[in-house]
There are 2 protein chains.
Amino acid sequence: MTERAESTDNDPLLAGETDTRRTADSSERAYNTIRKLLVEFTLKPGERINEVQLSRGLGVSRTPIREALNRLASEGFVSLTPNRGFFVRNLSTEGLLDLYELRSIIECAAFKLMCERAEDSEIDRLRQYWEAIVDGYRDQAPDIILAEDEGFHLLIAELSGNPELVGQLASINARIRFIRRIQIEHPSHDKTQVTSHSAIVAAAVKRDAENGMKLLREHIEMTVSATQQALKDALLRVFAPGNGADLKRRRRARDT
Amino acid sequence: MTERAESTDNDPLLAGETDTRRTADSSERAYNTIRKLLVEFTLKPGERINEVQLSRGLGVSRTPIREALNRLASEGFVSLTPNRGFFVRNLSTEGLLDLYELRSIIECAAFKLMCERAEDSEIDRLRQYWEAIVDGYRDQAPDIILAEDEGFHLLIAELSGNPELVGQLASINARIRFIRRIQIEHPSHDKTQVTSHSAIVAAAVKRDAENGMKLLREHIEMTVSATQQALKDALLRVFAPGNGADLKRRRRARDT
DNA sequence: GAACGCAATAGTGTAGACACTTTCTTGACG
DNA sequence: CGTCAAGAAAGTGTCTACACTATTGCGTTC
């Protein structure tokens with residue numbers, strides 16, 4: 001998924017850009033809005049998406065809604081079954097593990113390639129990026145931490161020199177972002193990320209691919225278990241017994 | 001124990017489905033048809049896609065055409081610029097290398113995971129798959145070779161136990177399929193794949209992750225250079241000066 | 001009282017129309 | 001002659017309408 005060519009003429013190479021579509025208007029706004037609804041669990045996992053209702057809510061017709069949903073389907077947020085419509089895809093604990101595993105694979109590969117190919121000045125850019133934010137890191141708002149963290153890892157991907165890796169990582173990030181946010185806000189969130197990142201930067205400077213990959217792998221794995229717990233709590237909260245009013249008519253629970 | 005919290009009915013498990021869309025009708029057919037047009041270079045790299053023309057050609061309205069194009073955009077086949085429409089994305093030589101690199105990363109990781117996790121019976125499934133086709137492999141039609149080859153590599157991804165890897169690989173395959181076909185049909189195509197695959201199977205049986213990954217990496221890298229030449233020839237053929245009839249109005253030839 | 005079938009309702013899938021933007025054409029002006 | 005401008009043509013983005021499918025609700029039968 002996902003790249004997009006930007007402007008005008010066809011920029012010849014597959015422009016490593018990261019996000020593919022830009023419908024400027026309703027369609028784009030619909031995409032962003034619906035994505036937010038998904039990310040914030042306003043649209044709940046397993047739930048059927050009512051296009052008409054959504055289109056009323058957003059004040060546009062069903063056409064841009066459907067375009068946005070199609071895009072979200074390609075990106076794995078929702079699924080579409082023939083004559084029944086779109087459903088919110090639910091990321092189970094298991095699916096989450098798979099995604100994190102993929103992320104680990106991509107990031108480790110990116111780190112290795114970065115060590116092999118990046119200019120010294122580029123590596124230095126990574127160092128600078130981290131040093132610029134490391135001090136206030138712990139104290140930021142969750143959204144800021146999240147953005148800075150994603151930025152750090154994305155920068156590694158960029159320095160790998162392979163735009164496809166950037167695209168992949170960005171796409172993965174988008175899918176697990178809501179969970180990461182939940183995890184960051186969760187009481188169990190420890191701030192060892194700071195030391196992890198510093199160590200990773202150090203490995204990069206030394207171009208020690210092996211060690212850096214190991215650190216990355218551990219860094220990612222470390223968050224997984226915490227995230228699992230956070231996810232479980234979040235799902236419990238969203239589907240807490242007693243607020244059944246939300247799920248008006250859910251007789252058939254088979255989804256995805 | 002673990003998941004299966006009490007969210008009661010809607011069990012939150014993600015059905016690890018891999019592919020998400022299924023529009024059954026015009027939209028699905030449009031998707032397949034357009035994708036074929038792209039893969040076969042009927043729609044040429046850099047070219048602007050005319051929705052009206054396409055919809056006439058397929059005998060449907062623009063609505064399903066646009067849905068298909070949106071999907072193809074998310075998958076990287078085409079790009080969309082705001083008020084100008086969809087363009088055929090052109091895979092440059094450089095972009096091709098990036099894609100192959102990504103493929104190599106995914107496949108190697110999948111192989112390793114397979115070695116770690118797969119049941120013996122599953123590994124045997126891989127062996128059987130290959131043995132069943134190895135004999136007639138060289139003599140098949142290009143499309144068959146391609147499908148069998150993809151099937152082989154996809155099976156490895158499946159045996160990794162991570163559906164995300166399967167999805168990623170499938171998506172990559174789709175994007176480079178047309179080039180692979182060109183390469184298979186190209187005179188330079190040597191059939192060393194047979195021995196490569198056999199060696200990879202052997203490594204899998206021995207669960208020798210290191211060696212298998214090395215073989216895979218070489219196997220993929222080996223095809224890259226051949227493919228590059230094949231791609232160059234193909235582009236030359238498609239854009240050959242003198243067949244301007246095809247491109248009715250291409251005043252701006254600035255592409256690729 | 002429960003299962004079945006049929007009508008009514010809700011919802012998706014596609015078509016066609018219209019508004020607005022981009023692109024092309026033509027003609028005037030330097 | 002070349003440049004620019006204005007109008008015409010082509011094309012996209014979105015809306016509304018309608019057909020067809022799935023779902024719900026109700027009445028009938030056993």
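Proteins come first, then strands; the chains are lettered A, B, ... in the order of their sequence lines, and each starts at number 1.
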**Q** Counting only side-chain nitrogens and oxygens, does S26(A) get under 4.0 Å of the OP1 or OP2 atom of dT14(D)?
**A**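 Yes.
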
**Q** Using atom CG of N83(A) as one end and atom P of dA10(C) as the other, report the distance to the nearest whole Å.
**A**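 Rounded to whole Å, this separation is 19 Å.
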
**Q** Figure out the CZ/P separation between R62(A) and dA15(C), and round it to whole Å.
**A**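 Checked: the CZ to P distance equals 14 Å.
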
**Q** What is the distance, to the nearest angstrom, from the CZ atom on R71(A) to the P atom on dG13(D)?
**A**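 Atom-to-atom, R71(A) to dG13(D), this comes out as 13 Å.
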
**Q** Just how far, in rounded Å, is P of dT14(C) from CD of E67(B)?
**A**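 From E67(B) CD to dT14(C) P: 7 Å.
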
**Q** Would you call L97(B) and Q228(B) a side-chain contact if the rule is heavy atoms closer than 4.5 Å?
**A**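 Of all side-chain heavy-atom pairs linking Q228(B) with L97(B), at least one is under 4.5 Å.
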
**Q** Whether E158(A) and R125(A) form a salt bridge (side-chain N of Lys/Arg under 4.0 Å from carboxylate O of Asp/Glu) is what I want to check.
**A**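 Between E158(A) and R125(A) there is no salt bridge, as every charged N stays at least 4.0 Å from the carboxylate O atoms.
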
**Q** Is the phosphate of dC15(D) approached by T63(A) (side-chain N or O, under 4.0 Å from OP1 or OP2)?
**A**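 No, T63(A) has no side-chain N/O under 4.0 Å of OP1/OP2 on dC15(D).
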
**Q** May I ask you to verify if any side-chain N or O of S61(A) is less than 4.0 angstrom from the OP1 or OP2 atom of dC15(D)?
**A**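 True: S61(A) side-chain N/O within range (under 4.0 Å) of dC15(D) OP1/OP2.
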
**Q** Would you mind reading off the distance between Q53(A) atom CD and dA10(C) atom P, rounded to a whole angstrom?
**A**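 The distance from CD of Q53(A) to P of dA10(C) comes to 13 Å, rounded to the nearest Å.
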
**Q** Before accepting this row, confirm whether a basic side-chain N of the pair E28(B)/R71(B) lies closer than 4.0 Å to the acidic partner's carboxylate O.
**A**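 Judged by the 4.0 Å cut-off on N to carboxylate O distance, E28(B) and R71(B) do form a salt bridge.
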
**Q** Atom CG of L58(B) and atom C1' of dT14(C): how far apart are they, to the nearest Å?
**A**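 The distance from CG of L58(B) to C1' of dT14(C) comes to 14 Å, rounded to the nearest Å.
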
**Q** Which of these nucleotides, dT14(C), dT23(D), dT14(D), is closest to any side-chain atom of R66(B)?
**A**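 Selected nucleotide: dT14(D).
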
**Q** Which sits closer to the 5' end of DNA chain C, R48(B) or P64(B), going by the nucleotide each is nearest to?
**A**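 Nearer the 5' end of the strand: P64(B).
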
**Q** Please determine whether a side-chain nitrogen or oxygen atom of N50(B) lies at a distance below 4.0 Å from atom OP1 or OP2 of dG11(D).
**A**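 Result: yes.
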
**Q** Whether R84(B) contacts dT12(D) is assessed here as follows: a side-chain N or O lying under 4.0 Å from the phosphate OP1 or OP2. Is that the case?
**A**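 No, R84(B) has no side-chain N/O under 4.0 Å of OP1/OP2 on dT12(D).
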
**Q** More 5' along DNA chain D: V60(A) or E51(B), using each one's nearest nucleotide?
**A**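 The 5'-side residue here is E51(B).
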
**Q** Counting any heavy atom closer than 4.0 Å, what does I49(B) reach on the DNA or RNA strands: base, sugar-phosphate only, or nothing?
**A**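 Sugar-phosphate, backbone atoms only, no base.
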
**Q** Round to the nearest Å and state the distance from L54(A) atom CG to dA10(C) atom P.
**A**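 The distance from CG of L54(A) to P of dA10(C) comes to 18 Å, rounded to the nearest Å.
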
**Q** Which heavy-atom pair separates G161(B) from R117(B) by the least distance, and what is that distance?
**A**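 Closest pair (atom of G161(B), atom of R117(B), distance): C-NH1, 4.2 Å.
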
**Q** Counting only side-chain heavy atoms from C-beta out, which of dC15(D), dT14(C), dT12(C) sits nearest to V52(A)?
**A**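 In terms of side-chain proximity for V52(A), the closest of dC15(D), dT14(C), dT12(C) is dT12(C).
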
**Q** Under the side-chain contact (heavy atoms from CB on, under 4.5 Å) criterion, do L54(A) and L37(A) qualify, and how do the steps go?
**A** CA-CA 11 Å; L54(A) 257 184; L37(A) 294 179; 4.0 Å; yes

**Q** Specify the separation, in whole Å, of atom CG of L80(A) and atom C1' of dT14(C).
**A**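 In whole Å, dT14(C) C1' and L80(A) CG are 14 Å from each other.
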
